[in-house]
Amino acid sequence: MYDLVIIGGGPGGVAAGVYAGRKKIKTLLIADTIGGQSVVSANIQNWIGTESISGFELGKMLEEHLRNQGGIDIIDGDLVLDVEKTSSGFLLKTKNNKTFEAKYLLIASGSRRRKLGVPGEKEFDGKGVVYCSTCDAPLFKDKIVAVIGGGNAGFEAAVDLLPYASKIYILEFLSELKCDPVILEKVKNNPKVEVITDAETVEVLGNDFVSGLKYKNKKNGEVNELKLDGVFVEIGSVPNSDFVKGLVELNKMGEIVVDHKTQQTSCPGIWAAGDVSDVLYKQNNISVGDAVKAVLNIYEKLSKN
Ligand SMILES: Cc1cc2nc3c(=O)[nH]c(=O)nc-3n(C[C@H](O)[C@H](O)[C@H](O)COP(=O)(O)OP(=O)(O)OC[C@H]3O[C@@H](n4cnc5c(N)ncnc54)[C@H](O)[C@@H]3O)c2cc1C
């Protein structure tokens, strides 16, 4: 029986692990992978104390800090699939058929990319369908691509693609673009870029590799086809909260609702921090701060028992 199980090995989970180790809380950290979402980023310039670092290097530093701190058990390469409330705390079940018991839980399981859910997306994943522009933009030199999503993420993907692609379509589902004016002006006026609003992507086309996509014009119902070499999907993210559905309160986006003073959830004994929570801004530094807040609150509770 652990006092605390931390679920997640991103910046939030790692920060919690380091603090729990220092506070000598009997802790297990379980993560699918250690490092977090931004490991794929080419350059992170707002990790406080570091002017510029690749996501990969940051992930490595986080893992080293966690392991060198010591004092807690760490399992990576496994996923928590289910959490049950018991009389003494919680029972966790993992993908590798392991079970663990904990008095308290801190969920720092972050989020994953939202998928289009249309025919062809899965078939051509990695064969022209791409979810990380920072990682894959250089592969599309002199190619025609579409970015799905006209928010900040979509326009940032277009910025990544501008030095490489010969033509960039930006397809937005709504009638208006939802990105900040600064980035909008920078991208929209570039002759390589064509923005299509009211566009609902209905199918990704291809044989061995992406060759195009079909989209419906939501105003007149017409289905149009674009010839393409790549499709960059930038339509937001989904919190990794499925395994506590029904146990803690989630908002309509599936984010875990927390008390922002302590990070406690609606279920006594469960805390949440970072991108999986209903925190307004999703950032590395914020996940770290919120996870630390949670561990300090957990420590306070344990000290009173
Ligand atoms: C391409 C990209 C670039 C970014 N660049 C920046 C940037 O420059 N600056 C910035 O501040 N932010 C950036 N972000 C956002 C930042 O990465 C996130 O805000 C941050 O990673 C959130 O940290 P987290 O610990 O809450 O969750 P995550 O980083 O998502 O970590 C979640 C962890 O939980 C694990 N996990 C998930 N589900 C389970 C489960 N069921 N069981 C066990 N483990 C599980 C995952 O393996 C992972 O270890 C970027 C994000 C992306 C995608």
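Note that ligands are numbered from 1 as they come in the structure, with each ligand's atoms numbered from 1 the same way. From a predicted model like this one, the values you see are computed outputs, not experimental measurements.
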>> Could you work out, with disulfide (SG to SG under 2.5 Å) as the rule, every residue matching Cys132, not counting sequence neighbours?
In response: Cys135
Per-pair distances, 0.1 Å, donor-acceptor, side chain in residues 236-244, under 3.5 Å, sequence neighbours excluded:
{"unit_1": "Asn240", "atom_1": "OD1", "unit_2": "Arg112", "atom_2": "NH1", "d": "2.8"}
{"unit_1": "Asn240", "atom_1": "ND2", "unit_2": "Ser109", "atom_2": "O", "d": "2.7"}
{"unit_1": "Ser241", "atom_1": "OG", "unit_2": "Gly254", "atom_2": "O", "d": "2.6"}

> Is Asp125 salt-bridged to Lys122, cutoff N-O under 4.0 Å?
Replying inline: no
> Using a threshold of 4.0 angstrom between heavy atoms of the protein and any atom of ligand 1, which residues qualify?
Replying inline: Ile7, Gly8, Gly9, Gly10, Pro11, Gly12, Ile30, Ala31, Asp32, Thr33, Gly36, Gln37, Ser38, Val40, Ser41, Ile44, Asn46, Asp78, Leu79, Val80, Ala108, Ser109, Gly110, Ser111, Arg113, Asn240, Phe243, Gly274, Asp275, Lys282, Gln283, Asn284, Ser287
> Any side-chain donor paired with an acceptor under 3.5 Å for Asp136 and Tyr131?
Replying inline: no
Quiz: residues 147-174 side-chain donor-acceptor pairs under 3.5 angstrom, not counting sequence neighbours:
{"unit_1": "Asn152", "atom_1": "OD1", "unit_2": "Asp180", "atom_2": "N", "d": "2.8"}
{"unit_1": "Asn152", "atom_1": "ND2", "unit_2": "Asp180", "atom_2": "OD2", "d": "3.3"}
{"unit_1": "Asp160", "atom_1": "OD2", "unit_2": "Ser133", "atom_2": "OG", "d": "2.7"}
{"unit_1": "Asp160", "atom_1": "OD2", "unit_2": "Thr134", "atom_2": "N", "d": "3.4"}
{"unit_1": "Ser166", "atom_1": "OG", "unit_2": "Lys143", "atom_2": "O", "d": "3.3"}
{"unit_1": "Lys167", "atom_1": "NZ", "unit_2": "Glu194", "atom_2": "OE1", "d": "2.9"}
{"unit_1": "Glu172", "atom_1": "OE1", "unit_2": "Gly150", "atom_2": "N", "d": "2.8"}
{"unit_1": "Glu172", "atom_1": "OE2", "unit_2": "Leu174", "atom_2": "N", "d": "2.8"}

>> For Phe140 together with Phe232, are the ring centres under 6.0 Å from each other?
In response: yes
